[in-house]
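Lettering follows sequence order; numbering is per chain, from 1.
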Amino acid sequence: MRSLKQGLIYHVHTIKAGFTPTIFSSNQLIHLYSNHGLVHEAWNLFDEMPQRNVFSWNAIISAYIKAKNLKQARVLFDSASQRDLVSYNSMLSGYVNEDGFETKAMELFREMQSSPHNVRIDEFSLTTMLNLIAKLAVVTYGRQLHSFMVKTGNFSSGFAVSSLIDMYSKCGCFQEARQVFHGCDEVIDPVSKNAMVAACCREGELEMAIDLFQRESELNDTVSWNTLISGFAQNGYEEESLKLFGHMSESVCRWNEHTFSSVLSACAGLRSLKVGKEIHAFVLKNGLTLNPFISSGIVDVYCKCGNMRYAESVHAGMGIRNSFSITSMILGHSSQGNMVKARQLFDSLVEKSSVVWTALFCGYVKSHQCEAVFELLSEFREKESIVAEALIIISVLSACAIQAALDPGKQVHAYILRSGIEMDKKLTSALVDMYSKCGSLIYAEKIFQRKFDRDSILYNVMLAGYARHGNEQRAIQHYEEMLERGFRPDAVTILALLSACSHRGLIELGEQFFHSMKKDYNILPEIDHYACMIDMYGRANELGKAITFMRKIPIELDAVTLGAFLNACRINGNTELARMAEGLLLQLEGCNGDRYVQLANVYAAEGNWDEMGRIRKKMRGKDIKKTAGCSWLYVENGVHIFTSGDRSHSKSEAIYLTLASLTEELYM
DNA sequence: ACCTCAACAG
């Protein structure tokens, strides 16, 4: 009875002939049905068996485990008239391999140890438990099991060694994994070797991984290649990963579905539409589109390359809903600023993983929809009982920073302290940035000082904070400390210093920094640096220097640099020069309402109403929208936005009456 | 005969 067909023929034959198959044959049929996903047929057969042995019970239990119906499997396990160690081990592995049954697995293992049914713990139970420990990453328990294995002589088979390596590696104990691997040097088991290669990749020790891979290369199989291809992609060496795939194709090992998942993840990291399309074609040719790992991988590649049209068509063509693919789509739409579509997909998910939550948070921040960020946060805390991911917190902090919302920012800070989230470098930078953008440099500095292992990003954030507040001395102090500690300044560092000089009118110092960026650090000035310099000259009443400087800018003037110049003209009341910039600016950004307002402000500052009227006329009939200035308030957990003269609130009558009486009181 | 190991996605 090798195939399902053979099994069915045999089964029908016994029914037609009216004889009862042997227990042995029935057991085999149960397995056969179960392996083909026919759990009902397996059950019917089991149910009708006049006599059963322990193998029959184990077969039907494992059938329900395969069908992921652990509840029914446990009912049968508990009611089985005969049970042995295999029944226990099957149930145990069922629990371990399914999410959410970890506690059940631990309980069952304990039950086995107290052994009311005369069961022992054997190698099968131990390797299964090691699997659980790897999943839960509790190494203390893993070490206990390890010593138990040594004591009971269950530690030298390939199964035991590879499981131990895997457990230690997934618990973050790379050295112990190595010790296990080197402790059994008689004959290298291929699976253990692959497990060790995987452990090296997880640790980022790619050279060691390659070394191991090349030694005893006759042991290498498809898994070895897959491990290495995936390891390179995971560590950011996408091109090398793809090269390895090329070498694999020339070797004796054939690729499989796992290979493509890794190759696609390398493609996504590379953000290469060209390679992505090639792999897509390869996948289509080989009929691999039904694999959910592969099809969602293709969707991800197109999303990462920013081609949402392709992504959508592949996504739509997938038979079943795949949460990985949906998450990729949400990320893709978010990074394109299409938050409506991102939100729709998000709402379509019944189970929202922390990755999708994070994706949506980041998307809203990226498109500066800060109110949406705060609303999403209340939604998150309402629906999810888990602690927010660091990335979510960082998103909310940047929203606070954009809005200069100090109170919500403090609340987030308190939340971090309460929930014991680790203050890593990224989180510290986000907090310092939030406090300094919300005007509280004292808090910012306190957090900054408490962090000893600073990186250049944290220095940039702190430095920019002081620069923004016009304290160029502290900014420069931090800059010097940064240099002393051996960090190289980057474009962001210099920009912060330039802006400090600009606000304080320190032309010479600013020029010094500007020149040193190219000369000393080989950093090319970007648009923002040029604009900052123009701004600096403008604020110092040096329009002439600004013009000389602009003539030397090697890249074409754009809205940012021209805008800076226009602003300089406004400060200096120079309408003549402003008119020169006007033509160019409107040519570049004629549809941006803010630019007209800026122009109007230049002339208004001079009281030049004729010029203002001229600008007004230009705007007419062009469907130009100026973004309305608005204010907002935090009441309880929500953000309330309002504009001048806003009457949209249901109680606006009462609000304005109260306001009027307050105003009256002020003047009394 | 049944139960254990390594490589795949956001």
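Between A:L126 atom CG and B:dT4 atom P the separation is 14 Å, expressed in whole Å. Rounded to whole angstrom, the span from the CZ atom of A:R52 across to the P atom of B:dC2 amounts to 21 Å. In this structure, A:M167 places its CE atom 19 Å from P of B:dT4, rounding to the nearest Å. For the pair A:L228 CG and B:dC8 C1', the computed distance is 15 Å after rounding to whole Å. The distance from atom CZ of A:R120 to atom C1' of B:dT4 is 14 Å, rounded to the nearest whole Å. A straight line from CE of A:M112 to C1' of B:dT4 spans 11 Å, rounded to a whole angstrom. The separation between A:I61 atom CD1 and B:dA1 atom P is 20 Å, rounded to whole Å. If you measure from atom CG of A:L145 to atom P of B:dT4, you get 17 Å, rounded to the nearest angstrom.
In this structure, A:F55 packs face-to-face on the six-membered ring of B:dA1, meeting both the 5.5 Å centre cutoff and the 30° plane limit. Judged by ring centres under 5.5 Å apart and planes tilted less than 30 degrees, A:F324 fails to stack against the six-membered base ring of B:dG10. Stacking of A:F159 onto the six-membered ring of B:dC5 is not present when judged by under 5.5 angstrom between centres and under 30° between planes.
When ring centroids are compared, A:F260 and A:F245 come within the 6.0 Å threshold.
In the interface, the side chain of A:N27 is paired with the base of B:dA1 through a donor and an acceptor atom under 3.5 Å apart. Side-chain N/O atoms of A:T127 and base N/O atoms of B:dT4 include a donor-acceptor pair closer than 3.5 Å. One donor-acceptor pair, N or O on each side, does fall under 3.5 Å between the base of B:dA9 and the side chain of A:S296. Between the base of B:dG10 and the side chain of A:S325 there is no donor-acceptor pair shorter than 3.5 Å.
When distances run from any side-chain atom of A:A198 to the nucleotides B:dC8, B:dA7, B:dC2, the shortest one goes to B:dA7. For A:S93, the listed nucleotide lying nearest its side chain is B:dC3; candidates were B:dG10, B:dA7, B:dC3. Here B:dC5 is the nucleotide among B:dC2, B:dC5, B:dC8 with the atom lying nearest to any side-chain atom of A:D189. Residue A:S162 has its side chain nearest to B:dC5 when only B:dC5, B:dA7, B:dA9 are considered. Here the side chain of A:F124 is nearest to one of B:dA6, B:dA7, B:dC3, namely B:dC3. For A:N53, taking side-chain heavy atoms from C-beta onward, the closest of the listed nucleotides B:dG10, B:dA6, B:dA1 is B:dA1. Residue A:R202 places its side chain closer to B:dA7 than to any other of B:dA7, B:dC8, B:dA6.
One N or O on the side chain of A:D84 and one on the backbone of A:S87 form a donor-acceptor pair closer than 3.5 Å. A:N256 contributes a side-chain N or O that, together with a main-chain N or O of A:T259, makes up a donor-acceptor pair within less than 3.5 Å.
Defined by atom type and a distance below 3.5 Å, a donor-acceptor pair is present between the side-chain atoms of A:S125 and A:D122. Looking only at atom types and distance, the side chain of A:N131 has no donor-acceptor partner in the side chain of A:T128 under 3.5 Å away. In summary, the side chains of A:S325 and A:N322 do not present any donor paired with an acceptor at a separation below 3.5 Å, with no hydrogens or angles considered. Judged purely by distance below 3.5 Å, without hydrogens or angles, the side chains of A:Y310 and A:H280 never pair a donor atom with an acceptor atom.
You'll find the side chain of A:L145 stays beyond 4.5 Å of the side chain of A:M167, heavy atoms only.
At a threshold of 4.0 angstrom between heavy atoms, the contacts of A:S261 include nucleobase atoms, whether or not backbone atoms are also involved. Heavy atoms of A:N291 sit nowhere under 4.0 angstrom from any nucleic acid atom. Within the nucleic acid shown, A:G297 has no heavy atom closer than 4.0 Å to any nucleic acid atom. Residue contacts for A:S353: at a heavy-atom cut-off of 4.0 Å it reaches a base atom on one of the strands shown.
A heavy atom closer than 4.0 Å to some atom of DNA chain B occurs in A:S230, A:Q234, these being the qualifying members of residues 229-249 of chain A.
OP1 or OP2 of B:dC5 lies within a sub-4.0 Å distance of a side-chain N or O belonging to A:N131.
Annotation: A:K274, atom NZ; neighbour count of heavy atoms from other residues, nucleotides and ligands within 6.0 Å does not exceed 12.
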